[in-house]
Number of protein chains: 2
Amino acid sequence: MNQNTVISIESIRVACRQCTLSSLCLPMGLTPEDVERLDDIVKRSRPLHRGDLLFREGDHFRSLYVVKTGSLKTFTPGSEGGEQVLGFHLPGELLGLDAIDKGQHACSARALETSAICELPFARLEELTAIIPSLQHQMYRLLSKEIGQDTDLLRLLGKKNAEERLAAFLLSFSQRLHRRGLSATDFHLSMSRHEIGSYLGLAVETVSRLFTRFQDEGLVRVERKHIELLDLRGLEEISDGAGAGRRQPQRRQQT
Amino acid sequence: MNQNTVISIESIRVACRQCTLSSLCLPMGLTPEDVERLDDIVKRSRPLHRGDLLFREGDHFRSLYVVKTGSLKTFTPGSEGGEQVLGFHLPGELLGLDAIDKGQHACSARALETSAICELPFARLEELTAIIPSLQHQMYRLLSKEIGQDTDLLRLLGKKNAEERLAAFLLSFSQRLHRRGLSATDFHLSMSRHEIGSYLGLAVETVSRLFTRFQDEGLVRVERKHIELLDLRGLEEISDGAGAGRRQPQRRQQT
DNA sequence: CGGCTTGTTGAACAAGGTCAAAACGAGTGG
DNA sequence: CCACTCGTTTTGACCTTGTTCAACAAGCCG
């Protein structure tokens with residue numbers, strides 16, 4: 001912020017290329033000129049502020065979006081008026097993949113804090129993927145990865161209890177931030193307890209109590225939205241279901 | 001079964017073309033020759049029998065699979081040894097999309113009954129999609145649709161209670177069969193109660209009790225694995241969370 | 001038939017939800 | 001700077017839902 005008081009077009013371009021690079025290209029061998037072509041179709045948009053909608057359920061699908069900085073949530077109206085949070089999106093991650101099928105967004109996306117977003121017009125992207133095989137492959141991988149992530153979440157909601165869920169949530173966050181080069185053990189939760197609860201299928205009160213409990217057990221240090229993970233190993237054990245064996249290791253001889 | 005006692009290669013080919021057609025091509029404008037080319041890369045494999053594995057978690061990813069007849073489940077080892085069911089796959093549906101990302105299958109797939117499967121070598125498919133734009137688009141849509149379905153399931157596991165889950169499950173099954181031209185109200189559940197429970201995140205006993213309850217309430221008729229939906233409307237109301245207002249329509253004035 | 005798996009039913013129990021209220025933080029206006 | 005309000009978070013008490021444990025019935029197959 002000190003030396004870059006004047007933000008040049010070039011610096012934005014570089015920043016944006018970095019963001020599309022990491023989510024779309026990092027693991028694949030794209031030639032520099034392919035990346036250039038990809039970068040050319042990226043649109044920059046004004047930053048979103050906390051509470052702003054990026055798109056709304058039912059909106060005509062035109063583009064995919066990459067989070068450059070900040071964070072967003074996706075959600076749909078759940079039963080009974082309240083909103084059901086479907087996911088959180090951190091820098092480098094993609095939004096809108098679920099809209100390709102029906103041609104309109106299946107959920108809404110709202111900024112949790114001031115966020116910068118890149119827009120990738122899908123029609124242009126499709127043209128590009130048709131002529132750059134490795135980019136096409138990369139797109140398939142991205143879509144497939146999204147499916148894999150949803151599946152992980154299904155596993156979470158299907159079988160895990162409250163503390164396993166919260167532990168898994170914290171670890172997932174930690175890894176995603178770490179992948180971006182940020183601290184894996186000390187970060188800011190931009191969403192409210194209510195949103196965490198909605199995402200994990202838990203009541204706000206339960207989330208709150210668990211944070212307190214985790215802190216009492218020395219696993220984390222929480223202060224409002226700032227959280228510090230003190231015992232990653234312990235959290236992993238909990239999230240893997242060690243809770244069963246931890247307290248009462250009896251039972252299990254027949255069956 | 002009476003007039004087709006001799007199954008010719010041609011009839012299999014037609015059947016298989018129908019199956020790839022419906023899942024990959026139906027909604028899109030592919031030319032007949034495109035379909036021909038697509039059909040050419042499809043491999044036929046021997047039918048699977050109940051309990052056979054189609055692929056196993058960790059297997060090298062080579063192909064996508066289309067269910068021609070029968071049904072399969074996908075699953076991973078859950079915590080504590082038991083297996084966690086991730087999905088059921090009916091005729092016309094695709095398996096293996098989650099494996100593209102990592103190049104190896106993220107779950108195992110097992111036949112629930114005798115099933116015929118078409119194999120689509122992914123490398124060949126990718127070559128084709130690169131030269132047939134509408135097929136590429138179709139692939140994106142398919143992947144996106146899978147994401148959408150997972151999201152629907154997330155919504156289900158995140159907020160719904162036991163009876164809402166089972167009602168939603170039955171309706172989803174009904175619609176999927178109906179789309180295939182089969183009866184929407186009278187069908188065979190090829191999976192066990194245990195598998196339904198695992199899929200819906202419920203104990204076997206709860207599933208069993210709910211079937212009994214639904215039957216007592218005149219919503220369905222169940223006899224072992226055969227089920228008849230008597231009141232689709234009622235099931236929809238339950239699955240949409242009408243359960244809240246159905247029994248005690250009091251409360252709700254403050255807030 | 002006898003041994004097996006799968007499904008059903010009942011009773012006790014516990015995890016987490018709901019309700020209610022207090023504590024805290026951030027912003028607002030006197 | 002302090003008092004006040006609004007929204008979020010925390011905490012406590014209670015209750016509902018679904019799980020667990022255990023026994024039993026029903027198919028299925030040698």
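Below, chains carry the letters A, B, ... as their sequence lines are ordered, and counting in each starts from 1.
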_Lys/Arg-Asp/Glu bridge criterion (N-O < 4.0 Å) met for A:Lys73, A:Glu83_ =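 Salt bridge present between A:Lys73 and A:Glu83.
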*Determine, for B:Arg193 against B:Glu205, whether the closest basic-nitrogen to carboxylate-oxygen distance falls under 4.0 angstrom.*
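Salt bridge absent between B:Arg193 and B:Glu205.
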Round to the nearest Å and state the distance from [X] atom [atom1] to [N] atom [atom2].
{"X": "A:Asn161", "N": "C:dG17", "atom1": "CG", "atom2": "P", "value": "11 Å"}
{"X": "B:Glu163", "N": "D:dG18", "atom1": "CD", "atom2": "P", "value": "8 Å"}
{"X": "A:Asp216", "N": "D:dT10", "atom1": "CG", "atom2": "P", "value": "12 Å"}
{"X": "A:Lys160", "N": "C:dA15", "atom1": "NZ", "atom2": "P", "value": "18 Å"}
{"X": "A:Leu210", "N": "D:dT11", "atom1": "CG", "atom2": "P", "value": "12 Å"}
{"X": "B:Arg213", "N": "D:dG18", "atom1": "CZ", "atom2": "C1'", "value": "11 Å"}
{"X": "A:Leu202", "N": "D:dT9", "atom1": "CG", "atom2": "C1'", "value": "16 Å"}
{"X": "B:Leu157", "N": "D:dT17", "atom1": "CG", "atom2": "P", "value": "19 Å"}

*Which nucleotide sits closest to the side chain of B:Thr206: C:dT9, D:dT11, D:dG18?*
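Minimum distance to the B:Thr206 side chain belongs to D:dG18.
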*asked:* From C-beta outward on B:Ser208, which listed nucleotide comes closest to its side chain: C:dA11, C:dT18, C:dG7?
replied: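 The closest nucleotide is C:dG7.
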*Which is true for A:Lys225 with a 4.0 Å heavy-atom rule: it touches a base, it touches only sugar-phosphate, or it touches nothing?*
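The residue A:Lys225 makes sugar-phosphate contact but no base contact.
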*So what does B:Arg224 touch, heavy atoms closer than 4.0 Å: a base, only the sugar-phosphate, or nothing?*
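B:Arg224: backbone/sugar contact only, no base atoms under 4.0 Å.
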*Given DNA chain D, 5'-ward residue of the pair B:Glu223 and A:Phe211, judged by closest heavy atom*: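 Going by which nucleotide is closer to the 5' end, it is A:Phe211.
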_Comparing A:Ala162 and A:Glu205 on DNA chain C - which has the more 5′ nearest nucleotide_ =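 Between the two, 5'-proximity favours A:Ala162.
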*Quickly, which of A:Thr76, A:Thr74, A:Leu86 forms a side chain to side chain contact (heavy atoms under 4.5 Å, CB included) with B:Thr151? Name it, please.*
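Going through A:Thr76, A:Thr74, A:Leu86 one by one, the side chain to side chain contact (heavy atoms under 4.5 Å, CB included) with B:Thr151 is satisfied by A:Leu86 alone.
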*asked:* I need the residues from residues 186-201 of chain B with at least one non-hydrogen atom less than 4.0 Å from DNA chain D; give them sorted by number, or say none.
replied: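 Of all residues in residues 186-201 of chain B, the ones placing a heavy atom under 4.0 Å from DNA chain D are B:Gly201.
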_Looking at A:Arg180 and A:Pro91, would you say the former's side chain and the latter's main chain have a donor-acceptor pair under 3.5 Å?_
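Pair found, side chain donor or acceptor close to backbone of A:Pro91.
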*Counting only distance, no hydrogens or angles, is the base of C:dG10 paired donor-acceptor with the side chain of B:Arg209 under 3.5 Å?*
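Between C:dG10 and B:Arg209, which were checked side chain against base, a qualifying N/O pair under 3.5 Å is present.
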*Between the base of C:dG16 and the side chain of A:Arg165, is there any donor-acceptor pair under 3.5 Å?*
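Such a pair does not exist between side chain and base.
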*Is the closest side-chain donor-acceptor distance between A:His89 and A:Ser71 under 3.5 Å?*
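A:His89 vs A:Ser71: no donor-acceptor pair found between side chains.
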*Distance-only polar pair, side chains of B:Asp186 and B:His226, donor-acceptor under 3.5 Å*: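 A pair is found: one side chain offers a donor N or O, the other an acceptor, under 3.5 Å apart.
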*May I ask you to decide if the ring planes of B:His105 and B:Phe61 are parallel, tilted or perpendicular, using 30° and 60° as cut-offs?*
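B:His105 and B:Phe61: perpendicular rings.
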